[in-house]
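To start, the structure under review is shown below, and the notes come after it.
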Amino acid sequence: MFELPSGAEIQGIIASLKASVGFFIPEIYLSVLFMLLIVIDLVAKGRKNNLLSITTLLGLAGSFFFIYQQHALPAGEFFFGMYVLDEFALFFKYFFVLSGILAVIITMADEQFETEVKSIGEYYALIIAMVIGMIMMASSSDLLMIFLSMELVSFTAYILTGYFKRNARSSEAALKYLVYGAVSSGLMVYGFSLIYGLTAQTNLIKISSELATHGYDPLVMIFSTLLVLAGFGYKIGAVPFHFWSPDVYEGAPTPITAYLSVASKAAGFALLMRFFYIAVPHGGQPYEDILGIDWLSLLILLSVASMIYGNVVALWQKNVKRLLAYSSIAHAGYLLLGIIVMNELGTQATLFYLLSYFLMNFGAFYVVILIANKTGSENIDDYRGLGKRMPLAGAALTVFLISLVGLPPTLGFVGKLMIFSALIAKGSLYMWLAFIGIMTSVISLYYYMLIPLNMYLRESRQQEEKEISQGLPAQIFLAVLMILTIYFGLFFTPLSDFALSSSAMFGLTLY
Amino acid sequence: MLSLIVFLPIIAGLVILAVPSSQKQIIRIVSLLAALAQGVLAVLIWRGYDPALPGITAGPGGSPLGSFQFVEKIPWISLHLGGFGSLNIEYFLGVDGISITMVILTALISAIGVLSSWTIQKQVKGYFILYNLLASAMMGCFVALDFFLFYVFWEVMLLPMYFLIGIWGGPNREYAAIKFFLYTLFGSVFMLLVMIGLYFSVTDPVTGNHTFSLVAMATQSNYIKDAILGPANVFWRYVAFIVLFIGFAIKVPMFPFHTWLPDAHVEAPTPISVILAGVLLKLGTYGMIRINFPLFPEVFRAGMYVIGIFGAINIIYGAFCALAQKDLKKMVAYSSISHMGYVLLGLAAGNSEGMVGALYQMFNHGTITAMLFLLVGVIYDRAHTRQIEKFGGLATYMPVYAALVTVAWFASLGLPGLSGFISEALVFVGAFSSVTTRYIAMVSVLGIVFGAAYLLWSLQRMFLGQRKPDAAYDLVVGEDGHEHIHFHDWNGKLDLDGRELAMLVPLMLITIFLGIYPMPVLGMLTTSINKLVQVLSPVVMSQM
């Protein structure tokens, strides 16, 4: 029954593999870096220095070189349609490497690691592994590859979340993350198998042409997209797949919280956009017969629910990390708005919003770490009077929070402007989504401002009024993040042009 | 020139950032210098302003700059939007008759605010940085002619204001500050949506690109017919007008969106109350005149009646509330609501007299209310209370103060010879001569009576008669055998000191001068207002 391939075919396969490797250099480079870190960790065990973190930083920075070289390559599929290289994937490669770098930088600032963690080597190695996984998520064009890369990211994330082994909250968070993750991947794979059953294809582009040319049962289709959404929704932390996120965000080491909230979410969005835009791009038309419900309406539902739930529940949070967790649920809703419009402008707006979210969220978590270093607390109540004691950190956190609300002149405002522009340009039918988005961002002002309220408007309970110094590198880094948030809020052309040029996906027929 | 007047305070703020926080006096002086320089620039702009040019819309020959003056226009942001074309935002400043009076008012009130801030002792550095940021943003709002730029300035005002009320305010400041912030943000986020909608609906006649320019937006022929806010899309044009109007009405504040104002005023420190009443409230009505009405003239004509009714409610309701207040500052706050009602009424009249009156009232309310709040601050500094019933017979012991209060109070109630009278008279002339608002005006006149009632009554209770047994001050017999007033915890001059006089006397002179000879302000307004009335009139609409 099963014929062995002939010699010529094997030759062809090998040649194609060889050709494909040329498109895979950044990933190979990062894998080597991953192994190098483990070796260095073995050799340099027990020595208290920054050798590992510096190697990680330089190594990650070095990958920019290889990613930059890929701009010269033509967009296309390789590894037999498993993997693609296009502008869209390149955007996320930069994004994930940069977030890896920021994660390392803020890990170096976090003093909790010195007490909780004995060996930091595998921590950095895992961060690299996660970068690789996320890059693969953004570049996968095959259901199998999607699943594999997602699991790579998930497993490294589970370990990183529970990295404070002796800390009960950290372990609890890891377990919760694992259980929710397992269930949603299971659902997603079920969805994949249904799609495979409908089309006999695993490649996204082939699925799309198969769906377009052959008939299919719309009920099965909507059911399978719903199941797939369970997997993606879990990664992006959208309601109703968000249950893990507050506990995980609170329990995980703060750098990992920041890393998850930005990079892992972005990876989920990359996947979601590629899957829906490439595999089932036809929007409403073919699926309309099931009560007019299609994947687009599912996304609209997810988006509205996330914006409302995330912003409203955040009002009652007392812990800053938890508050930011709910805020990140809300931001998943705003990001989904950009995907819903299904055009180039929407993609551009989503990518732009991811960039702005990257800057302001990392910034906010960085300040949270600096404050926790000094006060040992992440409760909003303990932020009282900090504005006076940590002037720069207070000012920077206020800027990041204002940016998260979406007020000018910050980057977050421009992100919202782009998203709402995309909605309004699409037509008046999308106006009500913009209304919900804008109303919920007013709500968000209240809880974000709780932090400056405590920092500036209330006096600290202790009598100590001394300024707390944070060290020069931390101050410079913070000032840079803050200035960038404002600078790009006033002059956002480079970012937006980058987002636009990155909105090209291989095999896209949508726009 | 305009850039300089806008950004001077921010530059001062940056300088202050470099000054160590122990050098309080230097920080104050830097701020004062910036404010005075702003004042000098305002005078130069005023002298260089040509009142014959109308502004408002595109100028002769469809010039995109319009007949605005001191125009600065450079491309700011230009980027590509996927599948749509490009997004062009300009740094576009200019003044016409509507904004020039507000520019002068802002410069004046900012300088007086700095003087009034002299007594702030807590975190002086932070205070003046925020104050200067606020001053810049206010000025920016009045001269911005690009909607995007306007919006940025508009929103930048919120955060400093939040902190200025929240950190340096009274006991209930947290509540007042966040209430102010939420209310105004609620109004302005809808402005964001309308702004985007307008961008997609309007093209620049010269370049053919979409534009944020308010000058282009004020000409109806620049709208794309089927765009979301184009002339064919009547429903969305009404929605856009209403949400924009609400956004500005919150700032005015118009009933029923006024509740943040008394809270904010009562908690805010004196200089911030002065800024709030003197300039910030004007931004609401300025926004209506600059953006809301000329961009949607047909909706404005349909809604004049409603605006007039809300104006009348503001006038009468504000006066009633003021009558009931026990706290002097709250009374002044409600009087502000009442007086801003006249502005709304004048605008609703839709004719030249009413609109000129409204704008003149904006200017006069700025100077008069600033005076009122300063005077409230004077007595609060000394007695640490503002309860009207805690005073009595002050006129005997603080004669200069009493005299100034009397003039200010009379100016506020619209006594002939003082500037408030002329603007209110013009508003009523306009409102009576317009068919739409005639009956509304008749009702509104009652507001003047109630206005006189609460002002005179408070004057009587505080300044006339004898010291009450539970008064906030004591009387001591001095060496000269006369009784003198004595406040606890107050070592300064009992009657007004030099700094307080420096703040109050200029305002008072302006009030009296403009009450006798209003032409310096009216002359600047008239051409622009006539043009505005023409833009708003149905004749122009039918020519389209």
Side-chain angles (χ1 to χ4, degrees), chain A residues 343-349 351-352 387-388 391 395 398-399 402 405-410 413-414 416-418 420-428 431 434-435 437-439 441-443 445-446 449-450 452-454 456-458 489-497 499-501 503-504 511, chain B residues 21 76-85 87 89 122-123 125-126 129 137 148-149 151-156 158-159 162-163 165-169 173-174 177-178 181-201 210 227-229 233 235-236 239 243:
Chain A
N343 57 27
E344 199 179 8
L345 179 53
T347 312
Q348 183 192 6
L351 296 182
F352 189 93
K388 221 183 288 178
T398 309
V399 168
I402 283 299
V405 179
L407 289 179
T410 58
F413 163 68
V414 188
K416 289 233 163 72
L417 176 83
M418 300 280 271
F420 293 132
S421 296
L423 281 172
I424 292 173
K426 180 82 175 179
S428 44
M431 200 65 101
F435 269 112
I438 213 109
M439 286 313 302
S441 60
V442 176
I443 297 176
L445 174 79
Y446 182 80
M449 287 313 284
L450 280 179
L453 173 92
N454 276 289
Y456 289 101
L457 272 57
R458 294 182 176 160
L490 290 172
F491 304 96
F492 44 87
T493 316
L495 292 187
S496 117
D497 284 351
L500 177 63
S501 68
S503 59
Y511 48 79
Chain B
S21 48
W76 171 21
I77 294 162
S78 170
L79 52 89
H80 293 287
L81 288 182
F84 181 75
L87 182 79
I89 302 170
K122 180 178 160 190
Q123 298 179 48
K125 184 174 172 176
I129 290 174
F148 188 89
L149 189 61
Y151 187 80
V152 168
F153 281 129
W154 179 276
E155 295 278 63
V156 167
L158 299 184
L159 193 68
Y162 169 80
F163 284 122
I165 297 175
I167 301 179
W168 291 273
R173 55 183 194 263
E174 286 178 11
I178 195 71
F181 208 160
L182 282 174
Y183 256 86
T184 9
L185 186 70
F186 174 78
S188 61
V189 288
F190 288 114
M191 201 194 299
L192 174 66
L193 291 187
V194 174
M195 179 180 95
I196 298 170
L198 282 168
Y199 180 78
F200 289 128
S201 313
H210 288 273
I228 183 133
L229 293 177
N233 233 329
F235 172 73
W236 284 109
V239 171
V243 295

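Below, chain A is the first sequence line, B the second, and so on; all start at residue 1.
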Does any heavy atom of chain B fall under 4.5 Å from the side chain of [X], the backbone, both, or neither of them?
X: A:Leu423; result: neither
X: A:Phe435; result: both
X: A:Ile402; result: side chain
X: A:Ser503; result: neither
X: A:Ser501; result: neither
X: A:Asp497; result: side chain

Taking all non-hydrogen atoms of both residues into account, name the closest pair between [X] and [Y] and its distance.
X: B:Gly166; Y: A:Leu457; value: O-CG, 3.1 Å
X: A:Pro409; Y: B:Val156; value: CD-CG2, 3.6 Å
X: A:Leu407; Y: B:Leu185; value: CD2-CD1, 3.1 Å

Atom [atom1] of [X] and atom [atom2] of [Y]: how far apart are they, to the nearest 0.5 Å?
X: B:Leu193; Y: A:Lys416; atom1: CG; atom2: NZ; answer: 12.0 Å
X: A:Leu445; Y: B:Leu182; atom1: CG; atom2: CG; answer: 5.0 Å
X: B:Leu79; Y: A:Leu500; atom1: CG; atom2: CG; answer: 9.0 Å
X: A:Phe492; Y: B:Leu87; atom1: CZ; atom2: CG; answer: 6.0 Å
X: B:Leu229; Y: A:Ile424; atom1: CG; atom2: CD1; answer: 8.0 Å

Checking [X] against chain A: side chain, backbone, both or neither under 4.5 Å from a heavy atom?
X: B:Ser188; value: neither
X: B:Lys122; value: side chain
X: B:Ile228; value: side chain
X: B:Ile167; value: both

| task | Determine the option with the most heavy-atom pairs under 4.5 angstrom with chain A, choosing from B:Phe148, B:Phe186, B:Trp154, B:Phe181. | result |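 Sorted descending by pairs with chain A, the first entry is B:Phe181.
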| field | Residue, of B:Ile178, B:Ile89, B:Leu158, that accumulates the most heavy atom pairs under 4.5 Å with chain A | value |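 Highest number of pairs under 4.5 Å: B:Ile178.
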| Aromatic plane relationship, B:Phe163 with A:Tyr456 - under 30° parallel, 30 to 60° tilted, over 60° perpendicular |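 Answer is perpendicular, since the angle exceeds 60°.
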| query | By side chain to side chain donor-acceptor pair (under 3.5 Å), which residues pair with B:Tyr151, not counting sequence neighbours? | reply |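 Listed in chain order: B:Glu155.
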| field | Sequence-distant partners of B:Glu174, side chain to side chain donor-acceptor pair (under 3.5 Å), two or more places apart | value |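 B:Glu174 satisfies side chain to side chain donor-acceptor pair (under 3.5 Å) with A:Arg458 once adjacent residues are dropped.
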| Most chain B-contacting option - heavy-atom pairs closer than 4.5 Å, from A:Thr410, A:Leu417, A:Ile443 |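 With the most close heavy-atom pairs to chain B, the winner is A:Leu417.
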